[in-house]
Amino acid sequence: MAHVILGMLLISQQSLYDLIKTFGQTVSLFYSASAGSIKRALDGLLSRGLIEVASVDAGARGRKVYRVTEAGREEFRTWMAGELAGTDTEAAALSRLYFLGLLAPQERGPVLGRIIESYESDLARLSALDEQIDARNVPEGYQDVIAYQRATLDYGLATQRFAIAWFRDQADRHRQASG
């Protein structure tokens, strides 16, 4: 979440309230976060020196507006260029795609390549599971259970294939635009 916040703050300086609102209006379609988790991540970024207070409104509440430091910019670029981590490839991939325009054009292709590689790895893992399931004997009375488990796996396989094709298309468009 910290990297998503860095990306948002690179687009525009924001207060905690602004960030909560921005999350709800933008990345919440693929990345969920509570107000409390956003606050904790913001505090962590501040303590690590990756963001700083740009201004404090004069008033009873003292609304703080945050901006990214140079160290925060470097942390963001490192995250964008790094391997996708965690179990939710879709959230990791879409988070990077959402902020891809913040990188220089020559940095974008490798990011798309790593996203594709991550989906291909997930597809290989699901394909291996598919083969294991085919080799198992189904105990009497569990045919319906296995049928729906199989349907769930089929959905996962189809989703991975779609994502690979879609991100390959994005990579091709990037290559064409880059000349």
Please walk me through it: do Thr26 and Tyr98 pass side chain to side chain contact (heavy atoms under 4.5 Å, CB included)? CA-CA 9 Å; Thr26 60; Tyr98 187 82; 3.2 Å; yes
Mind running side chain to side chain contact (heavy atoms under 4.5 Å, CB included) on Ile146 and Gln143 for me, showing each step along the way? CA-CA 5 Å; Ile146 294 299; Gln143 288 79 12; 5.9 Å; no
Would you please test Leu10 and Arg73 for side chain to side chain contact (heavy atoms under 4.5 Å, CB included) and show each step? CA-CA 8 Å; Leu10 283 167; Arg73 287 179 192 282; 3.1 Å; yes
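When atom types are taken as modelled, the side chain of Arg67 and the backbone of Glu52 share no donor-acceptor pair closer than 3.5 angstrom.
Scanning all heavy atoms of the two residues, the minimum distance from Ala71 to Gly49 falls at CB-O, 4.0 Å. Annotation for Ile51 and Thr69: closest pair C-CG2, 3.7 Å, computed over non-hydrogen atoms. Among all heavy-atom pairs drawn from Met1 and Ala33, the shortest one is CE-CB, 3.3 Å. Contact record, Pro105 with His174: O-CE1, 2.9 Å, taken as the closest heavy-atom pair.
Of the inter-residue distances, the one linking Ile20 atom CD1 with Ile38 atom CD1 reads 5.5 Å to the nearest 0.5 angstrom. Annotation: the span from Leu42 atom CG to Met8 atom CE amounts to 11.5 Å, rounded to 0.5 Å. Atom CD1 of Ile133 sits about 9.5 Å away from atom CG of Leu126, to the nearest 0.5 Å. From Leu45, atom CG reaches atom CG of Leu6 across 5.0 Å, with rounding to the nearest 0.5 Å. Atom CZ of Phe76 is separated from atom CE of Met80 by 4.5 Å, given to the nearest 0.5 angstrom. Taking OG1 of Thr22 as the start and CD1 of Ile11 as the end, the distance is 9.0 Å to the nearest 0.5 Å.
Partners of Arg40 according to the side-chain hydrogen bond (donor to acceptor under 3.5 Å, both in side chains) rule, which considers only residues two or more places apart in sequence or in another chain, do not exist here.
Looking only at side-chain heavy atoms (C-beta outward), Val4 and Phe23 come within less than 4.5 Å of each other. Considering only heavy atoms from C-beta on, Val145 comes within 4.5 Å of Gln149 through its side chain. Phe99 has its side chain out of reach of His3: every pair of non-hydrogen atoms, C-beta onward, lies at least 4.5 Å apart. At a threshold of 4.5 Å between non-hydrogen side-chain atoms, the residues Val65 and Gln14 do not count as touching. In this structure the side chain of Ile115 reaches within 4.5 angstrom of the side chain of Arg96, judged on heavy atoms.
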With a 3.5 Å cut-off and sequence neighbours excluded, list the donor-acceptor pairs that the side chains of residues 84-94 form with protein atoms.
unit_1: Asp88; atom_1: OD1; unit_2: Glu90; atom_2: N; d: 3.3
unit_1: Asp88; atom_1: OD1; unit_2: Ala91; atom_2: N; d: 3.1
unit_1: Thr89; atom_1: OG1; unit_2: Asp122; atom_2: OD2; d: 2.4

Using residues 155-168 as the side-chain source, report each donor-acceptor pair under 3.5 Å to any protein atom, sequence neighbours left out, with the distance given to one decimal.
unit_1: Thr159; atom_1: OG1; unit_2: Tyr155; atom_2: O; d: 2.8
unit_1: Arg168; atom_1: NH2; unit_2: Glu120; atom_2: OE2; d: 2.4

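Under the 4.5 Å side-chain heavy-atom criterion for Ile, Leu, Val, Met, Phe, Trp and Tyr, Tyr17 and Val68 are members of distinct hydrophobic clusters.
In summary, the side chains of Ser118 and Ser121 do not present any donor paired with an acceptor at a separation below 3.5 Å, with no hydrogens or angles considered.
Note on Arg63 versus Asp18: salt bridge recorded, some NZ/NE/NH1/NH2 to OD/OE distance being below 4.0 Å.
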